Amino acid sequence: IYKKKALFIIETDSELIKSHSIIAATGTEPVRNIFKFKNGKAQNKIFYDINRLPKRVGKKHITIVGGGDIAFDYAISLVKKECLVDIVFRSGKPRAIPLLINRANLSEKITLIKNSTLLDVQQIDNELNVYILENYNKIKLISDVILIACGRKKNIEFINPMLIKRLKIFKDGYSNI
């Protein structure tokens with residue numbers, strides 16, 4: 001891939017493709033370790049991606065931290081596996097698209113906890129005590145697993161570093177050309 005005047009030129013083995021823009025739909029990946037907890041034992045029950053959860057996750061109580069599309073999509077998927085889900089998010093209104101919010105609201109197995117921040121997590125035996133601050137009140141939730149669904153970054157790690165430099169791709173995934 002290179003740029004010639006106002007066009008991007010993509011060379012393949014069989015052809016040259018010319019385009020005014022390139023969209024690389026590479027997705028995102030979670031930012032890890034954005035929360036620090038006093039009890040290090042709990043770390044093995046804190047996940048940043050639904051695909052990393054234990055295979056037998058059904059009938060578990062899961063706390064999801066985040067109010068965006070990823071959090072709501074994870075919750076809806078986990079309910080299909082017979083989980084109970086609490087979604088904890090900072091604002092008074094989730095940032096997820098209306099379709100996902102409506103689907104979550106229709107489920108009796110999903111509880112939305114707005115105006116809340118995660119304070120601490122402590123593992124006691126096999127369960128997690130999840131401490132949140134909800135409207136200035138400290139509340140304890142009991143959970144089997146925590147899924148952190150906030151803090152995402154663009155997935156551009158697989159792009160050749162020379163191409164990133166040549167196209168002036170920034171760390172946020174955007175380019176100025």
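Because the structure is predicted, anything quoted here is derived from the model rather than measured.
A side-chain donor-acceptor contact under 3.5 Å links Q123 to the backbone of D125. With hydrogens and angles disregarded, a donor-acceptor distance shorter than 3.5 Å links the side chain of K45 to the backbone of N126. Judged by distance alone, with hydrogens and angles left aside, the side-chain atoms of D144 form a donor-acceptor pair with the main-chain N or O of H61 at under 3.5 Å. Of the possible donor and acceptor atoms, none in the side chain of T63 sits under 3.5 Å from a partner among the backbone N and O of S143. Side chain of D73 to backbone of D69: no donor-acceptor contact under 3.5 angstrom is found. The backbone N or O of E134 lies less than 3.5 Å from no partner atom in the side chain of N115, so there is not a single donor-acceptor pair.
Around atom CD of E15, more than 12 heavy atoms belonging to other residues, nucleotides or ligands sit under 6.0 Å away.
Under the 4.5 Å side-chain heavy-atom criterion for ILVMFWY residues, no single connected hydrophobic cluster contains both V121 and I62. Residue L100 is not grouped with residue I148 when hydrophobic side chains (ILVMFWY) are merged at heavy-atom distances under 4.5 angstrom, including chains of intermediate members. Linking ILVMFWY residues whenever their side-chain heavy atoms come closer than 4.5 Å, directly or via other members, leaves I142 and Y131 in distinct clusters. Both I50 and I110 are members of a single hydrophobic cluster when ILVMFWY side chains are connected at heavy-atom separations under 4.5 Å. Residues I70 and Y48 fall into different hydrophobic clusters, defined by Ile, Leu, Val, Met, Phe, Trp and Tyr side chains chained together at heavy-atom separations under 4.5 Å.
F89 has its side chain out of reach of I64: every pair of non-hydrogen atoms, C-beta onward, lies at least 4.5 Å apart. At least one side-chain heavy atom of L7 sits under 4.5 Å from a side-chain heavy atom of H20. With a 4.5 Å cut-off on side-chain heavy atoms, V130 and D86 do not count as touching.
Here R90 contributes atom CZ and I132 contributes atom CD1; the two are 14.0 Å apart, rounded to the nearest 0.5 Å. Of the inter-residue distances, the one linking L133 atom CG with T117 atom OG1 reads 4.5 Å to the nearest 0.5 angstrom. A distance of 13.5 Å separates NZ in K109 from NZ in K81, rounded to the nearest 0.5 Å. We find the CD1-CG distance between I46 and L128 to be 7.0 Å, quoted to the nearest 0.5 Å. The structure places CD1 of I146 at 11.5 Å from CG of L53, a figure rounded to the nearest 0.5 Å.
Between G58 and C83, the shortest heavy-atom distance links the atoms CA-SG, 4.1 Å. Nearest heavy atoms, P54 versus F47: CD-CZ, 3.8 Å. A pairwise comparison of heavy atoms in S19 and S21 identifies OG-O, 2.5 Å as the closest pair. When every heavy atom of G66 is checked against every heavy atom of C150, the shortest pair comes out as CA-CB, 4.1 Å.
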Report task. Just do the side-chain contact (heavy atoms from CB on, under 4.5 Å) check on V57 and L78 with the steps written out, would you? Result -> CA-CA 8 Å; V57 77; L78 289 166; 4.1 Å; yes
Query - Stepwise side-chain contact (heavy atoms from CB on, under 4.5 Å) test for V85 and F72 - result: CA-CA 10 Å; V85 179; F72 279 75; over 6 Å; no
Query raised in the report: Would I9 and K4 count as a side-chain contact (heavy atoms from CB on, under 4.5 Å) if you check the C-alpha gap in whole Å, the side-chain angles of each, and the deciding distance to 0.1 Å?
Result: CA-CA 7 Å; I9 312 295; K4 190 172 184 182; 4.1 Å; yes
**Report entry** I76 vs S107, side-chain contact (heavy atoms from CB on, under 4.5 Å): CA-CA, chis, key distance, verdict
**Finding:** CA-CA 8 Å; I76 293 162; S107 174; over 6 Å; no
